[in-house]
*Asks:* 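One structure coming up, written as structure tokens, with questions to follow.
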Amino acid sequence: MNKKKVRVRFAPSPTGPLHIGGVRTALFNYLFAKKYNGTFILRIEDTDQNRYVKGAEDYIINSLKWCNIKIDEGVGVGGKYGPYRQSERKDIYKKYAEQLITAGFAYYAFDTPEELEEMREKLKAEKSENQQYNFLSRTSMRNSLTLNPDEVEKLIESKTPFVIRLKVPEDENVEFTDVVHGKIIFKSSQLDDKILFKSDGMPTYHLANVVDDHLMKISHVIRGSEWINSTPSHVLLYKYLGWENEMPEFAHMPLILKPNGKGKLSKRDGDALGFPVFPLEWTNTETKEVSSGYRESGYFPDAFINILALLGWNPGTEQEIFSISELTEIFSLDRIGKSGSRFDPEKAKWFNHQYLINKNNTELASLYQDVLKNKGIEASDELVIKIVDLIKERASFISDFWEQSFFFFQKPTNYDAKAVKKNWKENTPNMMKELLTVIENIEGFNAENIEGEVKNYIEKNELGFGKVLNPLRLCLVGSGKGPSLFHIAEIIGKAEVVERINNGIEKIKK
RNA sequence: GGUCCGUUCGUCUAGCCAGGUCAGGACGUCAGGUUUUCAUCCUGGUAACACGGGUUCGAAUCCCGUACGGACUACCA
């Protein structure tokens, strides 16, 4: 790797929420920057006014914030290479587009959409290899290459709409070395004369991207592999603008694929896949349709980052759990894989479980308190910490907590039919009545004492643990599941235990 | 159609560059164990080098071809 200062950018267009592929691109850029003490820049590529979505920019910033990806420079934080919103840099691009024309590397084109369509149809009918606006077809179109200079000037003066196109050479090899894929070679005859400047006065991605990366001194372009095919046009631009020697290195990362089959994951997939594709919940501004987010689904940001980091990259060791700061230590571009990966929601869940069980009870309890408050339940922190400690091993998300622990806060309202059938026998009510006396007489109502006394009762009467404990669980919890019965009893307290047993005797019928 | 990229268990992947491993790990799944129950946990099993040629004593690894998949092919990014 060369020794120039690492400056990387994440450059989304604000056409909607970021999806996990976008977050991963941001993450890899960020990790790479931090690893080499470089700068991570957020640039907003809003050159398409038609696709601009209000709120998308804030969404992007908020998503990065939630993920703990800190922006060093760019939209929202500033910096000396600003502005960082392309719509605010219009004049800059114009200057370079004109420079290219003067130097003979670009030209004006006046073709209307209809004329373009006609050309494509014609080439299609001729069974031409491709239907591009290129070195061949440009000779029969209305542009400053075919028109004489007077006409061109007249058209421009009369405000005829025009675009500026890149004049791609007829027969040259255009090559670049991709950090992930190695050397990639294109024949210029296969490239089209890309539009650099649109008739609305805005540059296209291709021009803006190259100009900004150069002006912002970007050292490495880390982006999705959907950009590989347009990279040769960018390489040509660097050359024609005289920046060939300062061209950034390119690293095209493999795409994230749909889990069920085909194609790259896209924003449109929304919730259709059975798992969120967005980091944060998003409400479509037009349809009001709500798409779920990882945050709202209960993922921890550090778990989410961990999941994404291991999608298309791996450390080469068997370690799988990494904090973001560990990642910034060991991340490297050369361990990015070449092939696309599918997102596995099951493994994602497992990751979150790992993070959940490693969090301390106080933090978990405070998160759970929010859920409880929403349900109108008041409980002391002390109590909730105890409960969380008992159930966290059994949960992947904070949202699993309620199902695992509702019985601490309310009496069972119904009794699981299967468990009743299996465990509530003819003589069970009598047993429960006996047990009731045992329980009422326990001094110091804690798990240890309860366990001692109950087991003592069972052994003395030669009853068997399952015969007594299962029905008791049914009374206290309403089902055959849950954590240690004696701890449950301790937490809900003697009076409540007694009441629930009485309720059980009365309500549970075979 | 054209151009470019890719292909190791169901999934994420290690191994490939510098040929020699019973092709390793994780998720899932299955079985057993632990537990009063369920879950966790522990132990074990399951399952892959896309195909065909070559080079070589030896190929997942190097070369060629085929198949399949993907991306791009807009006055979108």
Side-chain angles (χ1 to χ4, degrees), chain A residues 11-15 45-48 50-51 109 111-113 116 120 124 127-133 161-165 178 180-182 184-187 189-192 194-200 202-206 208-209 223-232 252 254-255 257 259 261-264 307 310-320 334-335 337-351 353 357 391-395 400 404 419 422-423 451 454-455 458 464-474 477 479-486:
Chain A
S13 61
T15 57
E45 311 226 326
D46 54 350
T47 52
D48 185 354
N50 301 320
R51 292 207 307 158
D111 316 279
T112 63
L116 290 170
R120 292 189 188 108
K124 213 172 189 174
K127 299 230 181 327
S128 161
E129 262 191 0
N130 57 49
Q131 296 90 247
Q132 298 177 134
Y133 201 116
F162 66 85
V163 299
I164 297 174
R165 285 182 182 269
D178 185 276
V180 176
H181 293 96
I184 300 177
I185 305 171
F186 287 80
K187 288 204 187 319
S189 58
Q190 299 294 337
L191 268 30
D192 65 336
K194 287 223 160 12
I195 290 177
L196 267 18
F197 212 79
K198 300 184 273 187
S199 59
D200 65 358
M202 280 288 197
T204 59
Y205 172 86
H206 307 291
N209 179 259
R223 72 210 327 181
S225 64
E226 71 266 32
W227 293 106
I228 289 181
N229 286 296
S230 40
T231 305
H252 289 98
L255 269 12
L257 277 13
K262 290 143 202 310
K264 66 170 174 175
I307 294 162
L310 260 39
L311 214 53
W313 176 86
N314 77 82
T317 65
E318 283 176 3
Q319 186 180 348
E320 291 202 284
D334 52 7
R335 292 207 65 89
K338 291 185 204 299
S339 52
S341 24
R342 275 172 246 277
F343 180 83
D344 182 358
E346 281 303 317
K347 189 148 188 182
K349 219 169 127 180
W350 175 81
F351 269 107
H353 174 71
I357 59 180
I391 61 170
K392 66 174 180 179
E393 291 279 348
R394 329 166 66 85
D400 294 337
Q404 297 292 341
K422 195 172 164 207
N423 298 311
E451 179 166 4
V454 172
K455 285 191 170 169
I458 291 168
F465 290 119
K467 276 212 166 70
V468 179
L469 264 17
N470 286 329
L472 177 59
R473 177 178 293 278
L474 212 39
V477 178
S479 76
K481 304 178 194 176
S484 158
L485 200 44
F486 306 112

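Every chain is numbered from 1, with letters handed out A, B, ... down the list of sequences. Quick note: numbers below take in every heavy atom, side chains included, and nothing from hydrogens, waters or symmetry partners.
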*Asks:* For nucleotides 14-19 of chain B, give me one character per nucleotide, 5' to 3': B if any protein heavy atom sits under 4.0 Å from the base, S if the only such contacts are to the sugar-phosphate, - if neither.
*Replies:* SS----
*Asks:* Under the rule for salt bridge (charged side-chain N to carboxylate O under 4.0 Å, His left out), what residues qualify as partners of A/K187, not counting sequence neighbours?
*Replies:* none
*Asks:* May I ask you to say what A/L255 touches in the nucleic acid, namely base, sugar-phosphate or nothing, with a heavy-atom cut-off under 4.0 Å?
*Replies:*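 The residue A/L255 makes sugar-phosphate contact but no base contact.
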*Asks:* Are a donor atom and an acceptor atom from the side chains of A/H252 and A/T231 found within less than 3.5 Å of each other?
*Replies:* yes
*Asks:* Return the nucleotide paired to B/rA31: Watson-Crick means purine N1 to pyrimidine N3 with N6-O4 or O6-N4, wobble means G-U with N1-O2 and O6-N3, both under 3.5 Å.
*Replies:* B/rU43
*Asks:* Using a 4.0 Å heavy-atom cut-off, write out nucleotides 64-69 of chain B from 5' to 3' as B (base contacted by protein), S (sugar-phosphate only) or - (no contact).
*Replies:* -----S
*Asks:* Encode nucleotides 20-26 of chain B as B, S and - characters from 5' to 3', where the letter depends on protein heavy atoms closer than 4.0 Å: B to the base, S only to sugar-phosphate, - to neither.
*Replies:* ----SSB
*Asks:* What is the pairing partner of B/rG58, taking Watson-Crick or G-U wobble pairs with both distances under 3.5 Å in any strand?
*Replies:*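 Across any shown strand, B/rG58 pairs with none.
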*Asks:* Rounded off to whole Å, could you give me the NZ-to-C1' distance for the A/K481 and B/rU37 pair?
*Replies:*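 Answer to the nearest Å: 10 Å.
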*Asks:* Can you give me the N/O atom pairs linking the protein to nucleotides 75-77 of chain B at distances under 3.5 Å, or say none if there are none?
*Replies:*
{"unit_1": "B/rC75", "atom_1": "OP2", "unit_2": "A/R120", "atom_2": "NH2", "d": "3.4"}
{"unit_1": "B/rC75", "atom_1": "O2", "unit_2": "A/S199", "atom_2": "N", "d": "2.8"}
{"unit_1": "B/rC75", "atom_1": "O2", "unit_2": "A/S199", "atom_2": "OG", "d": "2.7"}
{"unit_1": "B/rC75", "atom_1": "N3", "unit_2": "A/S199", "atom_2": "OG", "d": "2.9"}
{"unit_1": "B/rC75", "atom_1": "N4", "unit_2": "A/D111", "atom_2": "O", "d": "3.4"}
{"unit_1": "B/rC76", "atom_1": "OP2", "unit_2": "A/K198", "atom_2": "NZ", "d": "3.1"}
{"unit_1": "B/rC76", "atom_1": "O2'", "unit_2": "A/D48", "atom_2": "OD2", "d": "2.7"}
{"unit_1": "B/rC76", "atom_1": "O2'", "unit_2": "A/R51", "atom_2": "NE", "d": "3.0"}
{"unit_1": "B/rC76", "atom_1": "O2'", "unit_2": "A/R51", "atom_2": "NH2", "d": "3.0"}
{"unit_1": "B/rC76", "atom_1": "O2", "unit_2": "A/R51", "atom_2": "NH1", "d": "3.4"}
{"unit_1": "B/rC76", "atom_1": "O2", "unit_2": "A/R51", "atom_2": "NH2", "d": "3.2"}
{"unit_1": "B/rA77", "atom_1": "OP1", "unit_2": "A/T47", "atom_2": "OG1", "d": "2.7"}
{"unit_1": "B/rA77", "atom_1": "OP1", "unit_2": "A/K198", "atom_2": "NZ", "d": "3.0"}
{"unit_1": "B/rA77", "atom_1": "OP2", "unit_2": "A/Y205", "atom_2": "N", "d": "3.3"}
{"unit_1": "B/rA77", "atom_1": "O4'", "unit_2": "A/R51", "atom_2": "NH2", "d": "3.3"}
{"unit_1": "B/rA77", "atom_1": "O3'", "unit_2": "A/E45", "atom_2": "OE1", "d": "3.4"}
{"unit_1": "B/rA77", "atom_1": "O2'", "unit_2": "A/S13", "atom_2": "OG", "d": "3.1"}

*Asks:* So which heavy atom on A/I357 is nearest to which on A/E393, and how close?
*Replies:* CG2-CA, 3.9 Å
*Asks:* Applying a 3.5 Å limit to both distances, which nucleotide forms a Watson-Crick or G-U wobble pair with B/rC17?
*Replies:*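 By the stated definition (distances under 3.5 Å), nothing pairs with B/rC17.
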*Asks:* When the distance from CD of A/Q131 to P of B/rU73 is rounded to whole Å, what number comes out?
*Replies:*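 Computing the A/Q131:CD to B/rU73:P distance gives 13 Å.
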*Asks:* Residues in ring-ring contact (aromatic ring centres under 6.0 Å, His included) with A/H206, at least two apart?
*Replies:*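 So A/H206 forms a ring-ring contact (aromatic ring centres under 6.0 Å, His included) with A/H234.
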